[in-house]
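A quick write-up on the structure given underneath.
Note that the structure is predicted; figures quoted are calculated from it, not measured. Keep in mind that the numbers below use all heavy atoms, side chains included, and drop hydrogens, waters and symmetry copies.
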Amino acid sequence: MAPAPRRVNQQPAPDLVAAEQAAARFLAALDIDLDSESLRDTPRRMARAYAELLTARPFDLTTFPNEEGYDELVLARSIPIRSVCEHHLLPFVGVAHVGYLPGERILGLSKLARVVELFAHRPQVQERLTKQVADWLALELAPKGVGVVIEAEHLCMTLRGVRATGATTVTSTLLGTLRDDARSRAEFFSLTGAH
C-alpha cells in the first residue's frame, strides 16, 4: 500500500502589519521621504515582497513505487531559483540542477522544484542551500545517490561591494553513488552542463 502524501512546510503566516511598520521605520532611518504619492505605499509593498521571498508554498510530498526498477539518473535541469542572502538580505537568482538515482521509490517530478523552493525561501547562503536540498532528498527518498548543482548571481556581490557584474557562483553536493562512482559523477555533471 502506498504511503499517503505528506504535507510539507506548514508554517504560520508572516505578520505583515508589523513588517510594514518596521519597513517604514527602516526607510525613514535612511532618510527616505515616504510622503510622496509614489513612495507612500512602499513600506507595505516592501513587507509583502519580502514575505513572498521568504515564505515557501506548502506542498504534498508524493512518491511512487519504482515498479519498473528504474536505476538510471532522474534529473531536473534549470529549475529557477531565487533566494535572499542572509548577510545583506539581497536576492540571489539562478538555476538548480537536481538529480537522483532511484531506490525503491520515485518522486513526483514537480517535487524536485518544490524542494528547491522550500529551502530557497528563507535567508540563505548558497552552500547551505545546495546541501539542504541534497540531504532532504536523501532522507525522504532513500535513493542510491543524489546530486545538486546551483548556479546563481548574488546581488550582494554584483550591486554593491566588489560590484562584480555578471559573476556567478556554482556549488554542488553529491551523495551516495553520485559521489562515490566516478562514471556516475561524470554523467551527472555532463547532463547538468556544469563542468
Side-chain angles (χ1 to χ4, degrees), residues 1-14 51-84 86 91-153 168-195:
M1 183 173 171
R6 181 171 59 83
R7 196 74 170 157
V8 176
N9 192 42
Q10 293 179 307
Q11 61 186 42
E52 183 179 329
L53 285 171
L54 298 173
T55 307
R57 298 170 290 178
F59 66 95
D60 291 326
L61 178 63
T62 48
T63 65
F64 305 96
N66 186 5
E67 293 170 345
E68 291 76 27
Y70 187 80
D71 63 357
E72 298 294 330
L73 188 61
V74 176
L75 176 67
R77 291 189 313 184
S78 301
I79 298 169
I81 189 169
R82 61 179 188 180
S83 192
V84 177
E86 71 181 28
F92 63 92
V93 295
V95 294
H97 312 293
V98 181
Y100 71 100
L101 291 168
E104 292 182 17
R105 299 198 65 80
I106 57 175
L107 187 65
L109 288 177
S110 69
K111 302 314 182 241
L112 293 171
R114 295 285 196 175
V115 171
V116 170
E117 179 184 308
L118 173 67
F119 291 105
H121 280 249
R122 58 183 71 169
Q124 271 292 12
V125 295
Q126 186 173 326
E127 298 88 340
R128 180 188 318 119
L129 172 59
T130 308
K131 185 158 175 25
Q132 286 174 328
V133 171
D135 288 346
W136 192 92
L137 288 169
L139 179 68
E140 293 294 332
L141 268 187
K144 294 176 183 166
V146 174
V148 178
V149 172
I150 295 178
E151 305 172 63
E153 179 179 350
T168 57
T169 300
V170 179
T171 52
S172 67
T173 296
L174 302 174
L175 303 174
T177 302
L178 291 178
R179 181 182 186 99
D180 300 334
D181 181 70
R183 288 186 316 173
S184 295
R185 185 172 53 250
E187 177 188 17
F188 174 76
F189 283 125
S190 172
L191 290 175
T192 64
H195 300 287

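Between atom NZ of residue Lys111 and atom CD of residue Glu140 there is a gap of 13.0 Å, rounded to the nearest 0.5 Å. Atoms CZ and CD1, from Phe64 and Ile106 in turn, are 7.0 Å apart once rounded to the nearest 0.5 Å. For the atom pair CG (Leu61) and CG (Leu141), the distance works out to 7.5 Å, reported to the nearest 0.5 Å. Interatomic distance, Lys131 NZ to Gln126 CD, rounded to the nearest 0.5 Å: 15.0 Å. To the nearest 0.5 Å, atoms OG1 (Thr173) and CG (Leu178) are separated by 11.5 Å. The NZ atom of Lys144 sits 9.5 Å away from the CD atom of Glu72 when rounded to the nearest 0.5 Å.
Considering Leu75, Leu137, Leu107 as possible partners of Val98, the one that fulfils the side chain to side chain contact (heavy atoms under 4.5 Å, CB included) test is Leu137. Partner of Val116 under the side chain to side chain contact (heavy atoms under 4.5 Å, CB included) criterion, chosen from Ile81, Leu129, Val95: Ile81.
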May I have the step-by-step check of side chain to side chain contact (heavy atoms under 4.5 Å, CB included) for His121 and Arg82, ending in yes or no? CA-CA 8 Å; His121 280 249; Arg82 61 179 188 180; 3.5 Å; yes
Decide yes or no on side chain to side chain contact (heavy atoms under 4.5 Å, CB included) for Thr169 and Phe92, but give the supporting numbers first. CA-CA 10 Å; Thr169 300; Phe92 63 92; over 6 Å; no
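Nearest heavy-atom pair across Asn66 and Gly103 is ND2-O, 2.9 Å. Closest approach of Ala96 and Ile150 over heavy atoms only: CB-CG1, 3.9 Å. Heavy atoms only, all atoms of each residue included: Leu174 and Gly147 are closest at CD2-CA, 3.7 Å. The shortest heavy-atom contact between Pro143 and Tyr100 is CB-CD1, 4.0 Å.
The main-chain N or O of Thr168 is never found under 3.5 Å from a side-chain atom of Glu151 such that the two would form a donor-acceptor pair. A donor-acceptor distance shorter than 3.5 angstrom exists from the side chain of Thr55 to the backbone of Ala51, with no hydrogens or angles considered. Side-chain N or O atoms of Arg114 include none that pairs as donor or acceptor with a backbone N or O of Phe59 at under 3.5 Å.
The 12-atom threshold is exceeded at CD of Glu86, counting heavy atoms of other residues, nucleotides or ligands nearer than 6.0 Å. For CZ of Arg128, the number of neighbouring non-hydrogen atoms (other residues, nucleotides, ligands) closer than 6.0 Å is greater than 12. Counting heavy atoms of neighbouring residues, nucleotides and ligands inside a 6.0 Å radius, atom CZ of Arg185 exceeds 12 of them.
Side-chain contact between Arg105 and Pro65 is present, with heavy atoms from C-beta onward closer than 4.5 Å. Inter-residue side-chain proximity for Val84 and Pro123 is flagged as unmet; no heavy-atom pair is nearer than 4.5 Å. Under the 4.5 Å side-chain criterion, counting only non-hydrogen atoms from C-beta, Leu118 is not in contact with Val133.
For the residue pair Gln124/Ser83, the side-chain donor-acceptor check at 3.5 Å is not satisfied.
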